[in-house]
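This report refers to the structure that appears directly beneath it.
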Amino acid sequence: MAYILQILIGVGLAATCGFRIFVPLFVMGIAGYSGYLELASEFSWIASLPAIIIFAVATIIEIAAYFIPYVDNLLDSISIPASVIAGIVVAASVITDMHPLLRWTFAVIAGGGVATVTSLVSNGVHGVSTVASGGGANPAVSGVESALSIVSAIVAVLVPVLAVILITIVVILTIRLMKKWKRQKQHRSSG
């Protein structure tokens, strides 16, 4: 049962990396520092006070930068590889009782995979927002994503099953809305 809980926490936090890279690390650091979340021994540095301060500053800078039109698009261009790496790290760091080969295999496949999916969805939404509004709606999109990343990271630590369900629903709904928008755009251009 402990493996399943750790895997769910890892997947939930990795998914959050696709929206904002530093939020899950900051939340993990606080949860580890407070003793609520156990981290694998080689990742105990995440729960150190200096790391928490660095993650807090990085989180504030990252969230603020996404509110600047066109800077958010620049960040999107580097976010996929960065979120994959962060997803792998957060997934590996919360699995404490698994053989390292299995832990890293899981972290790369599940953690990196889910971070890739959420990052692609996030980038797609920003792209649609940029095209549809000339970038004017991007700060609102960034606000929703920032709030979603904070809430989902906290829920991933407190109620991991709920976090995985919520993130899955958000991704599915977002993909459906983007497909609908694309169909409407094609219909308008052909008519």
Side-chain angles (χ1 to χ4, degrees), residues 9-34 36-37 46 51-91 93-94 111-160 162-178 181:
I9 292 170
V11 167
L13 289 170
T16 303
C17 292
F19 299 117
R20 294 294 176 266
I21 294 166
F22 292 106
V23 168
L25 290 162
F26 178 54
V27 170
M28 283 175 55
I30 292 170
Y33 187 78
S34 68
Y36 187 82
L37 181 66
I46 292 172
I52 293 170
I53 292 168
I54 290 168
F55 292 141
V57 171
T59 296
I60 291 167
I61 291 170
E62 180 181 28
I63 289 173
Y66 267 100
F67 283 97
I68 303 169
Y70 302 105
V71 171
D72 65 339
N73 291 334
L74 176 65
L75 289 173
D76 281 344
S77 67
I78 62 169
S79 70
I80 294 173
S83 64
V84 170
I85 292 167
I88 292 169
V89 169
V90 299
S93 66
V94 297
V114 75
T116 300
V117 169
T118 55
S119 186
L120 287 170
V121 167
S122 173
N123 286 354
V125 169
H126 277 268
V128 168
S129 172
T130 300
V131 169
S133 70
N138 287 11
V141 169
S142 294
V144 170
E145 284 182 342
S146 296
L148 179 63
S149 69
I150 294 166
V151 169
S152 62
I154 293 169
V155 172
V157 172
L158 299 177
V159 189
L162 180 61
V164 171
I165 291 169
L166 289 175
I167 290 168
T168 302
I169 290 169
V170 166
V171 167
I172 290 169
L173 289 176
T174 303
I175 290 171
R176 285 184 179 174
L177 287 172
M178 288 173 52
W181 178 82

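- Under the 3.5 Å distance criterion, the side-chain polar atoms of Ser119 are left unmatched by any main-chain donor or acceptor of Thr116.
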For residues 164-174, dump all side-chain donor-acceptor pairs below 3.5 Å to protein atoms at least two apart in sequence or in another chain.
| from | atom 1 | to | atom 2 | distance (Å) |
| --- | --- | --- | --- | --- |
| Thr168 | OG1 | Val164 | O | 2.7 |
| Thr174 | OG1 | Val170 | O | 2.7 |

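- Sequence neighbours left out, the pairs with a member in residues 139-157 that pass salt bridge (charged side-chain N to carboxylate O under 4.0 Å, His left out) are Arg20-Glu145.
- At least one side-chain heavy atom of Ile175 sits less than 4.5 Å from a side-chain heavy atom of Val121.
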Practice problem: Starting from the C-alpha separation in whole Å, work towards a yes-or-no answer on side chain to side chain contact (heavy atoms under 4.5 Å, CB included) for Leu120 and Ile80. | Solution: CA-CA 7 Å; Leu120 287 170; Ile80 294 173; 3.4 Å; yes
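- In plain terms, the two heavy atoms of Ala14 and Val114 that are nearest each other are CB-CG1, 3.6 Å.
- Once rounded to the nearest 0.5 Å, the distance linking CD1 of Ile52 with CD1 of Ile30 reads 6.0 Å.
- Phe22 is not listed as a side-chain neighbour of Ile54, based on a closest heavy-atom distance of 4.5 Å or more.
- Nearest heavy-atom pair across Ser152 and Ala163 is O-CB, 4.1 Å.
- Scanning all heavy atoms of the two residues, the minimum distance from Val71 to Ala65 falls at CG1-O, 3.6 Å.
- Separation of atoms CG (Leu75) and OG (Ser122) is listed at 10.0 Å; rounding is to 0.5 Å.
- When side chains are defined from C-beta on, His126 counts as touching Tyr66, because their heavy atoms get closer than 4.5 Å.
- Taking CD1 from Ile78 and CD1 from Ile21, the interatomic distance works out to 6.5 Å, rounded to the nearest 0.5 Å.
- Residue Ile88 holds its CD1 atom at 9.5 Å from OG of Ser83, rounded to the nearest 0.5 Å.
- Proximity of Ile63 to Ile150: side-chain heavy atoms (C-beta onward) are separated by under 4.5 Å at one or more points.
- With rounding to the nearest 0.5 angstrom, the CZ atom of Phe19 is 4.5 Å from the CG atom of Leu148.
- Closest approach of Ser146 to Ser149, counting heavy atoms only: O-OG, 2.8 Å.
- For Gly87 against Cys17, the heavy-atom pair with the smallest separation is N-SG, 3.7 Å.
- Applying the salt bridge (charged side-chain N to carboxylate O under 4.0 Å, His left out) test to pairs two or more places apart or on separate chains, none has a residue in residues 123-134.
- When the side chain to side chain contact (heavy atoms under 4.5 Å, CB included) test is applied to Val57, the partners found at least two apart in sequence or on another chain are Ile61.
- When every heavy atom of Ile46 is checked against every heavy atom of Leu25, the shortest pair comes out as CG2-O, 3.9 Å.
- Within the structure, salt bridge (charged side-chain N to carboxylate O under 4.0 Å, His left out) contacts touching residues 75-86 (residues at least two apart or in different chains) do not occur.
- Under a cut-off of 6.0 angstrom, the local environment of CZ in Phe67 is crowded, with over 12 non-hydrogen atoms contributed by other residues, nucleotides or ligands.
- Here salt bridge (charged side-chain N to carboxylate O under 4.0 Å, His left out) pairs that include residues 52-70, with residues two or more places apart or in two chains, number zero.
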